[in-house]
2 protein chains.
Amino acid sequence: MTDTTPPATAPTAAPTRRQQLRLDTTAEIKRVALALLAEGGPDAISLRAIAREMRMTAGALYSYYATRDDLITALTSDMYTALVDRAEAARDAHPTEAPAARLRAWGEAFRAWAVDHPAGFRLVYGDPVRGYRVPEGGAAPEAASRACAGLTGLVAAAWPPPGADADEYAWDDFDPGLANLVQEKFPGLPPAAVALALRVWGRMHGLVALEVYGHLRSQTRDPARLYRAELRDLARSLGLGD
Amino acid sequence: MTDTTPPATAPTAAPTRRQQLRLDTTAEIKRVALALLAEGGPDAISLRAIAREMRMTAGALYSYYATRDDLITALTSDMYTALVDRAEAARDAHPTEAPAARLRAWGEAFRAWAVDHPAGFRLVYGDPVRGYRVPEGGAAPEAASRACAGLTGLVAAAWPPPGADADEYAWDDFDPGLANLVQEKFPGLPPAAVALALRVWGRMHGLVALEVYGHLRSQTRDPARLYRAELRDLARSLGLGD
DNA sequence: GTAAAGATTGAACGCCGCGTAGTTTCAACA
DNA sequence: TGTTGAAACTACGCGGCGTTCAATCTTTAC
């Protein structure tokens, strides 16, 4: 019964059973960490708590993540990517001919995700975990670029907006990566569109951040309604019909 | 030389030298805590760190604040009050006849304060310190009400806005305290104005929050310019001339 | 079947936090 | 001058954290 042993000619290509288990455990660590995050906020993510939840010891986790910050970084990337995925999907549920609907869908998805995952929102947009230092590169900046590009696309569909921006912007007013991405995907679009996209981002972010951090709930009982009105106003200000 | 000793008829009214020293120390504790906050963020506020800085021991601080949370509460109130003070002062530097200038001054002051005191901004609007539970009443909610009322006043000066809100709002859609305050200060103003004020708040908050948490600095090199444009747009959307 | 490689343990280290005693210092007051 | 009482100090207790390391168990490979 040993004649069918797979040839060891491709030591790295074969997904060994061991590697599979390793992947599963890695995924479970992240899943547990996210659950802890959702329950107790960013500070609840501790290696010991994760290990406790998984009936392991804290030291064992070091086989999977070299350090706690690496784990946090992975979590942040996952959350950010999930958020952008959801926003893009919501946007793409509407045809290109309905730019207003696409814009509003993006905004509503942004808020819905934040309300569904308040701790994730804090992880991505708020104070990171105590003692955590944000690394330079990685997947999180990539997700941010995706978000900016997506918003710029929504702005591009409405370009030029009615209130013509008298301000002049240059491409090097922005992050080179983002500028290149936009110039490539939307040729002919002026840099002022990126500025407008960032403002749109801020406008979508404001009410959601206030709500997630509990500052709206003590003032009004229906933040969703406020946000809907804000999005309607936003689309209108971009010259997109209702 | 003892005949001029102040009469001890008012034992509680006389600010004893001892009480004075106590007040001074209390103030110094807050000052040191704010310095730590500015340097190391909200999590840097610990009784031990404060005591270290003041060449004291942590236990001694318990003579001044019953618990750490009380100190945090006091700090938050101070910061929030300072923010609203600054916004109100900036607004009042312009005459009532220039509502657009008043609105923009409020917004610019809001951002300027946040950029000057990023840690304070996080303390007020972001994640509070680890393990800290926001108390029910106190000065912080009062400052929030002041902020809302101030914004409502700015909205009232532009009422009704051009894009007539078709939405109907009722007074009990909002916090009773805020509703009463607004009805008292601006009689005749419909509740929809409060909704608009909250949206204005969110709009001012969005870009500032992104900037303070570092999400804007990696995208553009001049957040102030974006914010200025946003405020201009905001005033325009309220029907206030430039 | 056995030996290598990997995964996991358990204990330990060092650090930090909040909060509570009991004791000592020292300035204000009579 | 002696008394008093607040403020500060020392010393704990308790808990949690990230991280390391030798030893042990388990799976894989030959």
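Computed from a predicted model, the values in this text were never measured in an experiment. Each chain gets a letter, A, B and so on, in the order the sequences are listed, and its residues count up from 1. The figures here come from the full heavy-atom set of this structure, side chains too, leaving out hydrogens, waters and symmetry mates.
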The side chain of [X] is closest to which nucleotide in this list: [options]?
{"X": "B:T67", "options": "C:dG19, D:dT19, C:dT9", "value": "C:dG19"}
{"X": "A:S63", "options": "C:dG19, C:dT8, D:dA7", "value": "C:dT8"}
{"X": "B:T57", "options": "D:dA8, C:dT8, C:dC18", "value": "D:dA8"}

Whole angstrom value for the distance that separates [atom2] of [N] from [atom1] of [X]:
{"X": "B:D43", "N": "C:dG17", "atom1": "CG", "atom2": "C1'", "answer": "11 Å"}
{"X": "A:I45", "N": "D:dG18", "atom1": "CD1", "atom2": "P", "answer": "10 Å"}
{"X": "A:Q19", "N": "D:dA29", "atom1": "CD", "atom2": "P", "answer": "9 Å"}
{"X": "A:I72", "N": "D:dC17", "atom1": "CD1", "atom2": "P", "answer": "12 Å"}
{"X": "A:M56", "N": "C:dT8", "atom1": "CE", "atom2": "P", "answer": "5 Å"}
{"X": "A:D69", "N": "D:dC17", "atom1": "CG", "atom2": "P", "answer": "15 Å"}
{"X": "A:R68", "N": "C:dC15", "atom1": "CZ", "atom2": "P", "answer": "18 Å"}
{"X": "A:L23", "N": "C:dG6", "atom1": "CG", "atom2": "P", "answer": "15 Å"}

For [N], take OP1 and OP2 only and decide whether either is under 4.0 Å from a side-chain N or O of [X].
{"X": "B:R22", "N": "D:dA7", "value": "yes"}
{"X": "B:Y64", "N": "D:dA8", "value": "yes"}
{"X": "A:T25", "N": "C:dA7", "value": "no"}
{"X": "A:R52", "N": "D:dC17", "value": "yes"}

So, B:D175 and A:R221, do they make that salt bridge, N to O below 4.0 Å?
no
Select base, sugar-phosphate, or nothing to describe what B:A58 touches, counting heavy atoms under 4.0 Å on all strands.
nothing
Touch class at under 4.0 angstrom, heavy-atom based, for B:S46 against every strand present
sugar-phosphate
Is B:R22 close enough and on-axis enough to B:Y64, meaning under 6.0 Å and within 45°, for cation-pi?
yes
Output field: ring centroids A:Y125/A:Y80 closer than 6.0 Å
yes
Base of C:dG19 paired with side chain of B:R48 (donor-acceptor, under 3.5 Å)
yes
Atom of B:E211, atom of B:L216 and distance for their closest heavy-atom approach:
CA-CB, 3.9 Å
For B:L47 and for A:G59, locate the closest nucleotide of DNA chain C by heavy-atom distance; then report the residue assigned to the nucleotide nearer the 5' terminus.
A:G59
If only side-chain N and O atoms count, and only distance matters, is there a donor-acceptor pair under 3.5 Å linking A:D24 with A:Q20?
yes
